[in-house]
Amino acid sequence: MPSTDLLETMHKRFDVMRCLRDGITTKSRIEKELGVSRQTVGRALTELEDHGLITDARNDCQEITSVGEIAYETYTEHQEVFNTLSKGRRVLNNLPIEIRLDKELLREVTIINEGEYVSQKSFAELERLIQPADNVIAVTPVFVHHQINLLSQKVTETPFDLTIVTTNDSLREALEMNSSEMTMLLESENCTVITTSETLSCPMYICDEETVWLGSFDENGSLCGALVADSDHAVDCTTDLVTEYIDEGSESMDRESQQIQD
């Protein structure tokens with residue numbers, strides 16, 4: 001009976017498992033790779049064998065078993081999630097609950113929140129995503145100069161379809177702040193604007209239905225970073241939420257139109 005449980009063993013002996021996965025299978029090579037003693041390598045291999053994760057540890061050419069492969073992959077996936085949580089906790093904690101973060105999404109994201117000029121880096125990444133795109137859906141609770149400039153330049157290109165989901169207050173403030181470029185943006189035949197009464201907690205962009213960019217604001221209302229993902233799961237989750245905003249906004253516009261006709 002092993003003296004430790006499987007999870008504890010994977011945590012303690014992960015580096016040895018990684019060596020085996022990388023084709024470093026002899027004790028001498030593992031010892032050199034990890035910079036540890038032969039005795040330490042021997043104890044690690046024995047423990048891994050006790051849990052059925054590798055073949056006979058007494059031989060000098062161990063192999064990972066089927067159980068070992070599953071254990072390694074599962075542990076690696078959870079490591080990725082914890083690394084994302086650790087690195088991106090500031091951004092993630094400031095995203096609205098409606099984003100519906102889960103383990104699958106967290107395995108497949110890039111977090112921008114380190115170093116100086118985080119806000120500029122976040123917008124630079126957004127610009128990189130928008131420039132080659134043919135279709136962009138932008139949910140924005142507030143407009144900033146850089147964002148208006150970027151979208152007003154991009155919307156003049158063809159073919160390009162831009163859908164903006166925002167609130168009436170945000171739209172009015174944007175027109176007051178940057179009237180000429182904002183007016184050009186709104187009057188473009190490539191741009192559709194939908195206003196919603198829903199509370200928009202963070203900016204969300206979906207580019208070509210393939211990549212999402214989610215901005216995160218801190219308690220002072222400043223952009224503190226962004227989350228970028230191109231997995232189907234991330235796009236589907238974000239699209240579902242954006243569709244709710246669009247449907248609500250369309251229904252509101254229909255009601256207003258009906259009131260005018262009556």
Side-chain angles (χ1 to χ4, degrees), residues 84-115 117-130 133 135-151 154 162-174 177-178 182 185 192-231 233-249 252:
T84 300
L85 289 173
S86 176
K87 176 183 177 182
R89 59 188 180 276
R90 185 183 178 202
V91 169
L92 298 173
N93 281 333
N94 284 298
L95 290 175
I97 193 171
E98 295 88 351
I99 297 301
R100 307 184 192 114
L101 293 174
D102 59 24
K103 291 182 291 185
E104 184 176 353
L105 189 148
L106 290 175
R107 292 190 194 104
E108 305 164 331
V109 302
T110 299
I111 303 288
I112 303 170
N113 73 331
E114 294 184 331
Y117 311 112
V118 170
S119 177
Q120 291 92 324
K121 291 177 182 177
S122 299
F123 276 120
E125 179 63 16
L126 176 60
E127 183 173 3
R128 185 189 70 81
L129 296 174
I130 288 178
N135 179 285
V136 171
I137 299 175
V139 176
T140 178
V142 62
F143 291 88
V144 297
H145 287 292
H146 182 79
Q147 175 192 24
I148 294 173
N149 293 340
L150 173 61
L151 294 177
K154 181 65 179 176
L162 172 65
T163 300
I164 297 176
V165 181
T166 188
T167 64
N168 281 317
D169 288 343
S170 296
L171 202 56
R172 185 163 47 251
E173 291 173 2
M177 176 179 65
N178 201 333
M182 194 67 192
L185 177 62
T192 300
V193 178
I194 298 175
T195 57
T196 178
S197 59
E198 295 281 342
T199 300
L200 305 178
S201 304
C202 78
M204 293 179 278
Y205 284 74
I206 305 175
C207 300
D208 286 335
E209 300 181 352
E210 295 178 349
T211 309
V212 298
W213 180 99
L214 307 177
S216 177
F217 292 109
D218 61 21
E219 59 276 6
N220 298 317
S222 301
L223 188 68
C224 63
L227 178 155
V228 182
D230 59 5
S231 68
H233 180 71
V235 173
D236 289 344
C237 288
T238 308
T239 300
D240 288 344
L241 180 56
V242 171
T243 300
E244 292 178 16
Y245 294 148
I246 291 176
D247 289 345
E248 192 282 331
S252 176

[X] [atom1] to [Y] [atom2] distance, which is reported to the nearest 0.5 Å:
{"X": "Thr167", "Y": "Ile194", "atom1": "OG1", "atom2": "CD1", "result": "13.5 Å"}
{"X": "Cys237", "Y": "Asp102", "atom1": "SG", "atom2": "CG", "result": "5.5 Å"}
{"X": "Ser216", "Y": "Leu223", "atom1": "OG", "atom2": "CG", "result": "7.5 Å"}
{"X": "Ser170", "Y": "Leu200", "atom1": "OG", "atom2": "CG", "result": "7.0 Å"}
{"X": "Leu106", "Y": "Leu92", "atom1": "CG", "atom2": "CG", "result": "6.0 Å"}
{"X": "Leu185", "Y": "Met182", "atom1": "CG", "atom2": "CE", "result": "5.0 Å"}

Between Gln147 and Thr140, is the side chain to side chain donor-acceptor pair (under 3.5 Å) condition met? List the steps.
CA-CA 10 Å; Gln147 175 192 24; Thr140 178; 3.1 Å; yes

So which heavy atom on [X] is nearest to which on [Y], and how close?
{"X": "Cys202", "Y": "Leu95", "answer": "SG-CD2, 4.3 Å"}
{"X": "Pro141", "Y": "Phe217", "answer": "CG-CE1, 4.3 Å"}
{"X": "Met177", "Y": "Phe143", "answer": "CE-O, 3.3 Å"}
{"X": "Ala133", "Y": "Val136", "answer": "CB-CG2, 3.8 Å"}
{"X": "Val165", "Y": "Thr196", "answer": "CG1-CG2, 4.0 Å"}
{"X": "Val91", "Y": "Cys224", "answer": "CG2-O, 3.9 Å"}

For Ile130 and Leu150, what are the C-alpha separation, side-chain angles and deciding distance, and is it a side chain to side chain contact (heavy atoms under 4.5 Å, CB included)?
CA-CA 9 Å; Ile130 288 178; Leu150 173 61; 3.7 Å; yes

Quick one: list whatever passes salt bridge (Lys or Arg N to Asp or Glu O under 4.0 Å) with Glu125, sequence neighbours left out.
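For Glu125 the salt bridge (Lys or Arg N to Asp or Glu O under 4.0 Å) partners, ignoring immediate neighbours, are Arg128.
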
Return yes if some donor-acceptor pair links the side-chain N/O of [X] with the main-chain N/O of [Y] below 3.5 Å, else return no.
{"X": "Asn113", "Y": "Val118", "value": "no"}
{"X": "Thr238", "Y": "Ala234", "value": "yes"}
{"X": "Thr195", "Y": "Thr166", "value": "no"}
{"X": "Thr239", "Y": "Val235", "value": "yes"}

Run the side chain to side chain contact (heavy atoms under 4.5 Å, CB included) check on Leu162 and Thr192 step by step: do they pass?
CA-CA 6 Å; Leu162 172 65; Thr192 300; over 6 Å; no

Can you list the steps and then say if Val228 with Val109 is a side chain to side chain contact (heavy atoms under 4.5 Å, CB included)?
CA-CA 6 Å; Val228 182; Val109 302; over 6 Å; no

Can you check whether Ile206 reaches Trp213 side chain to side chain, under 4.5 Å on heavy atoms?
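Ile206 vs Trp213: side chains apart.
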
Do His146 and Gln120 have side chains that approach each other closer than 4.5 Å (heavy atoms only, starting at C-beta)?
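Counting from C-beta outward, His146 and Gln120 never come under 4.5 Å.
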
Considering residues at least two apart in sequence or located in another chain, which fulfil the side chain to side chain donor-acceptor pair (under 3.5 Å) criterion with Asp230?
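Per chain and number, Asp230 pairs via side chain to side chain donor-acceptor pair (under 3.5 Å) with no residue.
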
Ser119 vs Ser122, side chain to side chain donor-acceptor pair (under 3.5 Å): CA-CA, chis, key distance, verdict:
CA-CA 5 Å; Ser119 177; Ser122 299; over 6 Å; no

Give the intermediate values and the outcome of side chain to side chain contact (heavy atoms under 4.5 Å, CB included) for residues Leu129 and Tyr205.
CA-CA 9 Å; Leu129 296 174; Tyr205 284 74; over 6 Å; no

